[in-house]
Amino acid sequence: MIPQDSTLRVVRPTDNVSQIAAMYRQALGFDLLKQFDDYEGFDGVVLGHKHHPYHIEFVHKIGSVVGQAPSHEHLLVFYVDCSQAWERACRKMIDAGFSVVESSNPYWEQVGKTFEDLDGYRVVLQNRDWEN
């Protein structure tokens with residue numbers, strides 16, 4: 001079993017490190033935890049919050065082309081149970097440049113909204129508490 005105090009980092013490739021980092025920082029309020037240029041052939045950023053046990057890292061292998069998301073099911077999902085906080089979060093997503101899209105899975109449409117970034121990856125904001 002992984003220790004409960006471990007930190008989860010989700011790493012995602014992109015051709016647009018700077019633009020994607022700016023979108024996610026503005027929309028989700030992430031802090032820039034680390035940035036690297038040409039580290040063994042990779043550029044990237046690590047975003048998150050100092051006191052939260054999860055990060056998202058965006059990387060680009062220099063000289064490669066990543067392209068768009070491979071499917072509409074590559075999601076980051078955040079559960080926001082307060083309706084007012086959820087509405088503010090949705091507005092911030094749009095203001096940061098995310099597009100509102102219809103989810104390919106109808107479950108996410110019941111009490112949530114799906115947003116797509118410029119790489120075609122999606123973020124879902126659910127207006128409910130996480131149910132175990």
Side-chain angles (χ1 to χ4, degrees):
M1 170 128 186
I2 294 174
Q4 291 181 354
D5 62 349
S6 297
T7 298
L8 171 67
R9 180 175 295 172
V10 176
V11 182
R12 200 197 88 195
T14 181
D15 293 320
N16 306 291
V17 173
S18 297
Q19 299 95 322
I20 288 291
M23 288 177 78
Y24 280 77
R25 288 182 73 192
Q26 181 182 347
L28 299 172
F30 286 146
D31 296 323
L32 177 64
L33 301 177
K34 186 175 185 175
Q35 182 170 354
F36 50 93
D37 295 309
D38 199 8
Y39 180 79
E40 298 189 22
F42 286 86
D43 295 335
V45 297
V46 178
L47 305 178
H49 301 288
K50 291 179 184 179
H51 303 293
H52 291 173
Y54 60 86
H55 304 148
I56 184 166
E57 180 175 342
F58 297 104
V59 297
H60 178 76
K61 184 175 183 178
I62 298 169
S64 69
V65 176
V66 174
Q68 294 290 294
S71 82
H72 294 308
E73 291 306 312
H74 285 75
L75 306 171
L76 290 177
V77 179
F78 293 92
Y79 289 82
V80 183
D81 62 348
C82 172
S83 292
Q84 290 177 337
W86 178 79
E87 288 174 14
R88 283 191 305 273
C90 289
R91 173 56 44 204
K92 287 179 79 171
M93 296 293 288
I94 294 166
D95 291 347
F98 285 81
S99 300
V100 177
V101 295
E102 186 175 335
S103 180
S104 62
N105 182 336
Y107 174 78
W108 300 120
E109 296 292 319
Q110 292 175 14
V111 292
K113 279 194 179 171
T114 302
F115 302 88
E116 189 172 274
D117 71 21
L118 61 96
D119 287 339
Y121 285 86
R122 294 179 171 200
V123 175
V124 176
L125 299 182
Q126 280 291 88
N127 189 202
R128 65 168 53 147
D129 192 15
W130 163 245
E131 302 168 11
N132 292 333

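These numbers come from the heavy atoms of this one structure, side chains and all, not from hydrogens, waters or symmetry mates. Fair warning: this is a prediction, and the values are worked out from it, not measured in the lab.
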Test log, rule side-chain contact (heavy atoms from CB on, under 4.5 Å), inputs Lys92 and Leu28: CA-CA 7 Å; Lys92 287 179 79 171; Leu28 299 172; over 6 Å; no
Donor-acceptor pair, distance only, cut-off 3.5 Å: does the side chain of [X] make one with the backbone of [Y]?
X: Gln26; Y: Asp95; answer: yes
X: Asp15; Y: Val66; answer: yes
X: Asp43; Y: Asp38; answer: yes
X: Glu109; Y: Glu102; answer: no

Around atom CZ of Phe36, are there more than 12 heavy atoms from other residues, nucleotides or ligands closer than 6.0 Å? yes
Could you pull out all residues at least two apart from Phe98 that satisfy ring-ring contact (aromatic ring centres under 6.0 Å, His included)? Tyr24
For Tyr54, what residues pass the ring-ring contact (aromatic ring centres under 6.0 Å, His included) criterion, not counting sequence neighbours?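 Partners of Tyr54 under the ring-ring contact (aromatic ring centres under 6.0 Å, His included) test: His52.
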Between Val45 and Ala21, which heavy-atom pair has the shortest distance, and what is it?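 In this case the closest contact between Val45 and Ala21 is CG2-CB, 3.7 Å.
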Nearest atoms (heavy-atom pairs only) where Cys90 meets Lys113: SG-CD, 4.0 Å
When you look at Thr14 and Tyr121, which way does the side-chain contact (heavy atoms from CB on, under 4.5 Å) test go after all the steps? CA-CA 10 Å; Thr14 181; Tyr121 285 86; over 6 Å; no
Counting the benzene-type ring for Trp, do Phe30 and His49 have ring centres under 6.0 Å apart? yes
